[in-house]
Chemist: 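Let me give you the structure first, and then I'll get to my questions.
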Amino acid sequence: MISASIMCANWMRLEEDLRALEQAGVRYIHYDVMDGFFVEDYCLGTSIINEIRANTFLAADYHLMVEEPIRILRNFTPDEGAILSIHYEACRNLHRDLIRVKRQGFQAGLVLNPATTLNAIEYVIDEVDTITIMTVNPGFKGQKLVPQMLKKIEALAQLRSRLKLGFKISVDGNVDADNIPAMVAAGADTLVGGSSGLFVAGRPLADSIVAMRRCIEVGLAMR
Ligand code: DX5
Ligand code: ZN
């Protein structure tokens with residue numbers, strides 16, 4: 001599945017981008033929310049998000065790069081199929097917060113920064129619907145893959161089958177033609193398309209999506 005990181009869209013032509021994403025059959029719109037504290041930058045408040053939500057049928061995939069996201073959880077509306085992901089590193093009471101995300105009607109997502117080990121999530125892993133491996137450090141588009149993350153995706157996929165769990169594995173950061181085959185081969189189910197592989201200057205979105213799907217096929221064949 002492809003989740004389109006809307007902060008990387010062409011904001012001068014947002015409507016065209018939305019229609020192209022819908023036509024090409026991407027699965028989610030990925031909304032990056034940044035608080036200037038958990039990460040340095042600011043991004044996408046709910047007034048902007050709700051405007052986009054009102055103008056597309058694509059399901060929401062919220063990525064809260066926010067310290068103690070529980071404080072602002074009520075600002076988000078759980079539309080059909082929406083995922084809301086919070087960071088391991090941002091929650092003092094992670095288990096409680098994941099339960100609250102689910103109780104509010106979202107699929108519960110957990111995001112791990114590159115430095116966070118998989119051991120850290122042992123006691124919450126059976127509460128989550130999606131685990132996102134950050135393949136760059138969060139906060140900015142256009143960064144390079146942290147190469148150790150390919151092993152981490154693979155380890156998470158092995159852990160999932162060992163525990164017989166059904167959560168999805170998502171990857172976020174530098175998802176491009178060079179990296180998609182290895183990410184998918186390692187076990188990624190959902191790819192967050194950003195500035196490196198989806199919203200590429202001078203290239204139509206439809207072409208990017210065809211190229212991404214070709215790379216996904218290569219990765220699946222490597223499994
Ligand atoms: C990174 C964001 C991503 C970003 C990835 O902090 O969470 O969603 O848009 O896009 P790239 O790495 O391709 O620019
Ligand atoms: Zn993101």
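Read the numbers this way: they start at 1 and go in the same order the structure lists the ligands and their atoms.
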Chemist: Return yes if a side-chain donor-acceptor contact under 3.5 Å exists between Asp17 and Asn10, otherwise no.
Modeler: no

Chemist: Number the atoms of ligand 1 from 1 as they appear, then name those within less than 4.0 Å of a heavy atom of Pro138, with their elements.
Modeler: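 In order of number, 6 (O).
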
Chemist: Val136, Ile2: one ILVMFWY side-chain cluster at the under-4.5 Å cut-off?
Modeler: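 No: no chain of side-chain contacts under 4.5 Å links Val136 to Ile2.
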
Chemist: May I ask you to check if ligand 1 and Asp32 share an N or O to N or O distance below 3.5 Å?
Modeler: yes

Chemist: Report whether Val200 and Leu21 are members of the same hydrophobic cluster (ILVMFWY, side-chain heavy atoms less than 4.5 Å apart, transitive linking).
Modeler: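 No, Val200 does not connect to Leu21 through the hydrophobic network.
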
Chemist: Does any donor atom in the side chain of Ser3 or Asp61 lie under 3.5 Å from an acceptor atom in the other side chain?
Modeler: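 On atom types as modelled, these side chains qualify, holding a pair under 3.5 Å.
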
Chemist: Which of the atoms of ligand 1 are close to Met65, meaning less than 4.0 Å from one of its heavy atoms?
Modeler: 6 (O), 7 (O)

Chemist: Write out the residue and atom name of the closest protein heavy atom to atom 3 (C) of ligand 1, then the distance separating them to 0.1 Å.
Modeler: Asp172 OD1, 2.9 Å

Chemist: Using a strict 4.0 Å threshold on nitrogen-to-oxygen distance, state whether Arg19 and Glu22 make a salt bridge.
Modeler: yes

Chemist: Whether Asp79 and Arg53 form a salt bridge (side-chain N of Lys/Arg under 4.0 Å from carboxylate O of Asp/Glu) is what I want to check.
Modeler: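 Looking at Asp79 together with Arg53, the answer is yes, because their closest N to O distance falls below 4.0 Å.
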
Chemist: By number and element, which atoms of ligand 1 are closer than 4.0 Å to a non-hydrogen atom of His63?
Modeler: 7 (O)

Chemist: Under a 4.0 angstrom heavy-atom cut-off, which atoms of ligand 1 come close to His30?
Modeler: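 Per the distance check, 8 (O).
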
Chemist: Can a salt bridge be assigned to the pair Asp178 and Lys144 using a cut-off of 4.0 Å between side-chain N and carboxylate O?
Modeler: no

Chemist: Hey, would you say the His87 and Phe38 ring centroids sit under 6.0 Å apart?
Modeler: yes

Chemist: Could you tell me whether the side chains of Ser5 and Asp32 share a donor-acceptor contact shorter than 3.5 Å?
Modeler: yes

Chemist: Do Gln107 and Thr130 have side-chain N/O donor and acceptor atoms under 3.5 Å apart?
Modeler: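 The criterion, which ignores hydrogens and geometry beyond distance, is not satisfied for Thr130 and Gln107.
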
Chemist: Which residue holds the protein heavy atom closest to atom 1 (C) of ligand 1, what is that atom called, and what is the gap in Å?
Modeler: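 The answer is Phe140 O, 3.8 Å.
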
Chemist: So which bit of Cys8 gets within less than 4.0 Å of ligand 1, heavy atoms only: side chain, backbone, both or neither?
Modeler: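 Contact part for Cys8 vs ligand 1: side chain (C-beta onward).
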
Chemist: Ligand 1 and Gln143, any nitrogen or oxygen pair closer than 3.5 angstrom?
Modeler: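 No; every N/O pair is 3.5 Å or more apart.
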
Chemist: Do Val124 and Tyr88 sit in the same hydrophobic cluster, where Ile, Leu, Val, Met, Phe, Trp and Tyr count as joined when their side-chain heavy atoms come under 4.5 Å apart?
Modeler: yes

Chemist: Show me which atoms of ligand 1 lie under 4.0 Å from any heavy atom of Lys141.
Modeler: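 In order of number, 14 (O).
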
Chemist: Regarding atom 6 (O) of ligand 1: of the candidates Gly139, Ser5, Gly194, which has the closest heavy atom?
Modeler: Gly139

Chemist: If you count the atoms of ligand 1 from 1 in the order shown, which ones are under 4.0 Å from a heavy atom of Met7?
Modeler: 9 (O)

Chemist: Do Met134 and Val171 belong together in a cluster built from hydrophobic side chains that touch within less than 4.5 Å?
Modeler: no

Chemist: Looking only at heavy atoms, which two atoms of Cys91 and Ile86 are closest? And how far apart?
Modeler: SG-CD1, 3.8 Å

Chemist: I need the nearest protein heavy-atom contact for atom 13 (O) of ligand 1: residue, atom name and distance, please.
Modeler: Ser196 OG, 2.7 Å

Chemist: Under 2.8 Å from the Zn ion (ligand 2), which protein N/O/S atoms are there?
Modeler: His30 NE2, Asp32 OD1, His63 ND1, Asp172 OD2

Chemist: Hey, quick one: are Ile72 and Leu98 part of the same hydrophobic cluster, counting side-chain heavy atoms closer than 4.5 Å, chains of contacts allowed?
Modeler: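 Linked within one cluster.
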
Chemist: What I want to know is whether Gly142 and ligand 1 share at least one N or O pair that is separated by under 3.5 angstrom.
Modeler: yes

Chemist: Write out the residue and atom name of the closest protein heavy atom to atom 14 (O) of ligand 1, then the distance separating them to 0.1 Å.
Modeler: Ser195 OG, 2.5 Å

Chemist: Aromatic rings Phe106 and Tyr62: how do their planes relate, parallel, tilted or perpendicular, breaks at 30° and 60°?
Modeler: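 Geometry flag for Tyr62 against Phe106: perpendicular rings.
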
Chemist: Near Gly173, which atoms of ligand 1 are under 4.0 Å from a heavy atom of that residue?
Modeler: 12 (O)

Chemist: Where is the nearest protein heavy atom to atom 12 (O) of ligand 1: which residue, which atom, and how far?
Modeler: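 For atom 12 (O) of ligand 1, the nearest protein heavy atom comes out as Asn174 N, 2.8 Å.
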
Chemist: Less than 3.5 Å between some nitrogen or oxygen of Asn137 and one of ligand 1, yes or no?
Modeler: no

